[in-house]
Amino acid sequence: MTDITHELIENDKAIPFKIFDFHARDLSRIIPPHWHQNTEILFCKHGSLRVKIKNNTYDELRPKN
């Protein structure tokens with residue numbers, strides 16, 4: 001079983017959310033399983049990505065043309 005870590009995300013007090021801009025330079029990079037109390041919304045602007053949530057895998061998530 002893989003260890004699942006808690007990711008602590010601290011919001012700016014002025015706004016109730018945090019925005020991350022992520023650019024993958026290594027396309028084989030895997031972000032290890034983690035959890036946090038925030039809702040995570042993924043937006044793929046270019047390319048595609050694979051997302052695993054519990055026992056479900058969502059392949060080839062990509063922007064709509």
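For the pair His34 (side chain) and Pro32 (backbone), a donor-acceptor distance under 3.5 Å is present.
Put simply, CG on Asp21 and NZ on Lys45 are 8.0 Å apart, with the number rounded to the nearest 0.5 Å. How far CD1 of Ile9 is from NZ of Lys18: 8.0 Å, rounded to the nearest 0.5 Å. Of the inter-residue distances, the one linking Phe22 atom CZ with Leu49 atom CG reads 9.5 Å to the nearest 0.5 angstrom. How far CD1 of Ile30 is from CZ of Arg50: 8.5 Å, rounded to the nearest 0.5 Å.
Clustering ILVMFWY residues whenever any of their side-chain heavy atoms sit less than 4.5 angstrom apart, transitively, puts Tyr58 in the very cluster that holds Leu42.
Residues passing the salt bridge (charged side-chain N to carboxylate O under 4.0 Å, His left out) test with Asp26: none are found, sequence neighbours excluded. In this structure, His46 has no ring pair (Phe, Tyr, Trp, His ring centres under 6.0 Å) partners at least two apart in sequence or on a different chain.
Nearest approach of Asn11 to Ile15, heavy atoms of both residues: CB-O, 4.0 Å.
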